[in-house]
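Working notes, beginning with the structure itself.
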Amino acid sequence: MNSTIREQFPILNQNINGHPLVYLDSAATSQKPRQVIDALKHYYEWDNANVHRGVHTLGSRATDAYEGAREKLAKFINARSTKEIIFTRGTTTALNLVASSYGPANVGEGDEIVLTQMEHHSNLIPWQQLAKKTGATLKYIPLQQDGNITLEDAEKTITDRTKIVAIAYVSNVMGVTHPIKELAAIAHRHGAVIVVDGAQSTPHLKVDVQDLDCDFYTLSGHKMCAPTGIGALYGKRALLEAMEPVEFGGEMIDDVGLYESTWKELPWKFEGGTPIIAGAVGLGAAIDFLQEIGMDAIHNHEMKLAAYAEQRLSQIDDLTIYGPRNREVGVVTFNLGDVHPHDVATVLDAEGVAVRAGHHCCQPLMRWLQVSSTARASFYLYNTEEDVDRLVDALIKAKEYFTYELG
Ligand code: PMP
């Protein structure tokens with residue numbers, strides 16, 4: 001990665017509080033390259049119309065752009081067919097779709113849903129709600145001290161009563177990468193399905209849903225250079241075919257009578273109402289952009305940055321880093337002594353360095369870590385070693401400030 005990549009992100013070219021911006025909050029949302037911004041502008045200036053119904057030229061251009069984005073995404077994650085790609089608002093909506101459609105039809109009293117304690121609330125609460133509705137039980141694969149899980153523990157936790165295993169590929173707090181392929185094999189041996197929260201993996205790793213053999217996979221466009229409001233659910237075709245829609249209305253119907261209606265085929269039966277057309281166009285442009293650079297190159301760059309950040313941050317006294325060493329993705333979570341992470345983040349912001357502070361939508365994980373919150377620096381393809389140096393310098397300033405000024 002070099003500075004020409006950074007230059008393609010216009011937002012990064014500004015000063016914050018008198019300092020050049022260092023954006024280290026890409027796990028919350030990524031910045032957008034010029035190519036994506038231009039694609040949105042072009043769509044609205046030239047092609048905007050509703051899809052799947054206009055006989056006119058704009059209608060067919062908009063439909064081609066929307067369905068073209070589905071094809072790009074199917075190839076990007078190696079789905080067998082575009083029928084397996086449902087556009088949603090993001091990961092949260094996609095997980096809720098599985099929980100509220102696949103869930104009640106396949107989970108009953110006494111059944112088990114297996115999770116980990118580090119799941120994002122979006123991959124936790126839908127399953128809590130499903131368990132409440134159906135009388136199923138939630139079970140958690142225990143975490144090791146560094147936040148990893150072991151396959152031995154997974155073997156013990158997943159049983160013949162398990163119907164669903166729901167787990168993040170990459171944790172948004174700990175930077176842990178879970179062994180999805182192996183977990184899928186264990187789940188399948190017990191007749192369960194595996195639902196993968198791919199919000200943090202899709203932007204950073206080469207994803208192959210066929211190789212992972214996951215049953216469902218979810219993603220959010222805004223974390224991978226696309227606009228907010230677009231994401232997707234991948235599901236194996238046979239599973240999606242058997243599922244009932246959860247949103248009813250225009251776009252998703254085949255024939256509507258006064259008392260009965262029938263649905264379109266996949267994937268449209270799950271896309272009620274006018275879809276997120278511009279969002280999908282933006283997602284298609286983001287996928288083109290990421291592929292031109294190459295997912296392997298992006299991943300390697302982030303691994304190097306994470307290693308550099310770990311090495312530099314571990315030289316700061318009183319800084320606790322959570323999560324495993326040698327992480328595979330660029331997410332580093334930490335606390336500076338007993339200073340509240342919001343105060344740390346405020347001092348860093350005064351230096352132009354944007355990090356996230358809080359519970360990161362992972363309250364059960366915070367309890368497990370025995371902290372109320374943490375600070376988190378997350379890297380993406382546009383970050384550089386100089387950004388890490390700026391973070392470290394700002395943290396040293398913060399440490400001095402809290403030691404001497406407030407001391
Ligand atoms: N899961 C993980 C691991 C995440 O990091 C996030 C976003 N922070 C989500 C789910 C939810 O994604 P969204 O808000 O885009 O639906």
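Gln200 and Val170 get closest at one heavy-atom pair: CB-O, 3.4 Å. Looking at every heavy atom in both residues, Gly279 comes nearest to Ile230 through O-CG2, 3.4 Å. Among all heavy-atom pairs drawn from Phe9 and Gln31, the shortest one is CE2-O, 3.4 Å. The two residues Leu283 and Gly221 have their closest heavy-atom pair at CD1-CA, 4.0 Å. Taking both residues in full, the closest heavy atoms of Asn17 and Asp349 are given as ND2-O, 2.8 Å, listed atom of the first, atom of the second, then distance. The shortest heavy-atom contact between Asn335 and Ser373 is ND2-O, 3.1 Å.
With respect to the salt-bridge test (charged N to carboxylate O, under 4.0 angstrom), the residues Lys181 and Asp213 do not qualify.
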task: Check step by step if side chain to side chain contact (heavy atoms under 4.5 Å, CB included) holds for Val193 and Lys163.
output: CA-CA 6 Å; Val193 296; Lys163 289 291 181 289; over 6 Å; no

task: Give the C-alpha distance, both sets of side-chain angles, the deciding distance and a yes or no for side chain to side chain contact (heavy atoms under 4.5 Å, CB included) between Thr134 and Glu109.
output: CA-CA 6 Å; Thr134 57; Glu109 188 149 5; over 6 Å; no

task: Apply side-chain hydrogen bond (donor to acceptor under 3.5 Å, both in side chains) to Asp38 and Tyr43, showing your working.
output: CA-CA 8 Å; Asp38 286 349; Tyr43 170 74; over 6 Å; no

Asp111 vs Arg161, salt bridge (charged side-chain N to carboxylate O under 4.0 Å, His left out): CA-CA, chis, key distance, verdict: CA-CA 5 Å; Asp111 288 340; Arg161 294 191 149 189; over 6 Å; no

field: Derivation of the side-chain hydrogen bond (donor to acceptor under 3.5 Å, both in side chains) call for Arg6 and Tyr23
entry: CA-CA 11 Å; Arg6 190 189 178 88; Tyr23 185 74; over 6 Å; no

query: Does the side-chain hydrogen bond (donor to acceptor under 3.5 Å, both in side chains) test come out yes or no for Thr202 and Tyr169, once each step is laid out?
result: CA-CA 9 Å; Thr202 326; Tyr169 193 169; over 6 Å; no

message: Could you walk me through whether Glu251 and Lys269 satisfy the salt bridge (charged side-chain N to carboxylate O under 4.0 Å, His left out) test, starting with their C-alpha distance in whole Å, then the side-chain angles of each, then the deciding distance to 0.1 Å, before giving a yes or no?
response: CA-CA 8 Å; Glu251 280 282 333; Lys269 75 172 178 178; over 6 Å; no

message: The test is side chain to side chain contact (heavy atoms under 4.5 Å, CB included); show your working for Leu130 and Ile113 and say whether it passes.
response: CA-CA 9 Å; Leu130 176 63; Ile113 301 166; 3.9 Å; yes

- request: Give the C-alpha distance, both sets of side-chain angles, the deciding distance and a yes or no for salt bridge (charged side-chain N to carboxylate O under 4.0 Å, His left out) between Glu385 and Arg312.
  value: CA-CA 10 Å; Glu385 289 198 351; Arg312 294 264 3 238; over 6 Å; no

message: Pair Asp146, Arg325 - check salt bridge (charged side-chain N to carboxylate O under 4.0 Å, His left out), show working.
response: CA-CA 8 Å; Asp146 64 0; Arg325 296 296 166 261; over 6 Å; no

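Put simply, OG1 on Thr374 and CE on Met174 are 9.5 Å apart, with the number rounded to the nearest 0.5 Å. Between the CD1 atom in Ile5 and the CG atom in Leu12 there is a gap of 12.0 Å [rounded to 0.5 Å]. From Arg80, atom CZ reaches atom CG of Asn78 across 8.5 Å, with rounding to the nearest 0.5 Å. The distance from atom OH of Tyr382 to atom CD of Glu7, rounded to the nearest 0.5 Å, is 15.5 Å. For the atom pair NE2 (His190) and CG (Asp160), the distance works out to 6.0 Å, reported to the nearest 0.5 Å. If you take CG on Asp208 and CD1 on Ile180, they are separated by 13.5 Å, rounding to the nearest 0.5 Å.
Checking side-chain atoms of Arg356 against main-chain N and O of Ser26 turns up no donor-acceptor pair under 3.5 Å. Within the 3.5 Å criterion, the main-chain N or O of His52 finds a donor-acceptor partner in the side chain of Thr63. A donor-acceptor pair under 3.5 Å is absent between the side-chain atoms of Lys223 and the main chain of Ala199, judged by distance alone. No donor-acceptor distance shorter than 3.5 angstrom exists from the side chain of Lys206 to the backbone of Asp296, with no hydrogens or angles considered. A donor-acceptor pair under 3.5 Å links the side-chain atoms of Gln14 to the main chain of Ile11, judged by distance alone. Side-chain N or O atoms of Glu84 include one that pairs as donor or acceptor with a backbone N or O of Arg237 at under 3.5 Å. No donor-acceptor pair under 3.5 Å is formed between the side chain of Thr177 and the backbone N or O of Glu328. Listed for the Gln8 side chain is a donor-acceptor partner under 3.5 Å among the backbone atoms of Thr4. Asp153 places no side-chain N or O within donor-acceptor distance of the main-chain N or O of Thr150, the cut-off being under 3.5 Å. A donor-acceptor contact shorter than 3.5 Å links the side chain of Thr88 to the backbone of Gly90.
The aromatic rings of Tyr66 and Phe87 lie tilted to each other, with the angle between the two planes from 30° to 60°. In this pair, His121 and His359 present their aromatic rings tilted. The plane angle is within the 30 to 60° band. Ring-plane geometry between Phe248 and Trp263 is classed as tilted, the angle between the planes lying from 30 to 60 degrees on a 0 to 90 degree scale.
Of the listed residues (Val196, Leu95, Thr92), just one forms a side-chain contact (heavy atoms from CB on, under 4.5 Å) with Thr218, and that residue is Leu95. Evaluated for a salt bridge (charged side-chain N to carboxylate O under 4.0 Å, His left out) with Lys83, the options Glu67, Glu265, Glu71, Glu241 yield exactly one hit, Glu265.
Atom CD of Glu260 has 12 or fewer neighbouring heavy atoms from other residues, nucleotides or ligands inside a 6.0 Å radius. Summarising the local packing, CZ of Arg89 is surrounded by 12 or fewer heavy atoms from other residues, nucleotides or ligands at distances under 6.0 Å.
Side chain to side chain, His222 and Thr29 meet the donor-acceptor criterion of an N or O pair below 3.5 Å. A donor and an acceptor atom, one from each side chain of Asn50 and Thr274, are located under 3.5 Å apart. In the model, Glu119 has a side-chain atom that pairs as donor or acceptor with a side-chain atom of Thr116 under 3.5 Å. Using modelled atom types and a 3.5 Å distance limit, the side chains of Thr159 and Glu112 yield a donor-acceptor pair. Defined by atom type and a distance below 3.5 Å, a donor-acceptor pair is present between the side-chain atoms of Ser220 and Thr91. When only modelled atom types and interatomic distance are considered, His188 and Asp215 share a side-chain donor-acceptor pair under 3.5 Å. Side chain to side chain, Asp343 and Thr346 fail the donor-acceptor criterion of an N or O pair below 3.5 Å. Side-chain polar atoms of Asp197 and Asn123 form no donor-acceptor pair below 3.5 angstrom. No donor-acceptor contact under 3.5 angstrom links the side chains of His360 and Asn172, judged on distance only.
For the pair Leu290/Cys225, a side-chain contact is recorded, criterion being any heavy-atom separation below 4.5 Å from C-beta on.
His204 and Tyr380 have their aromatic ring centers within a separation under 6.0 angstrom.
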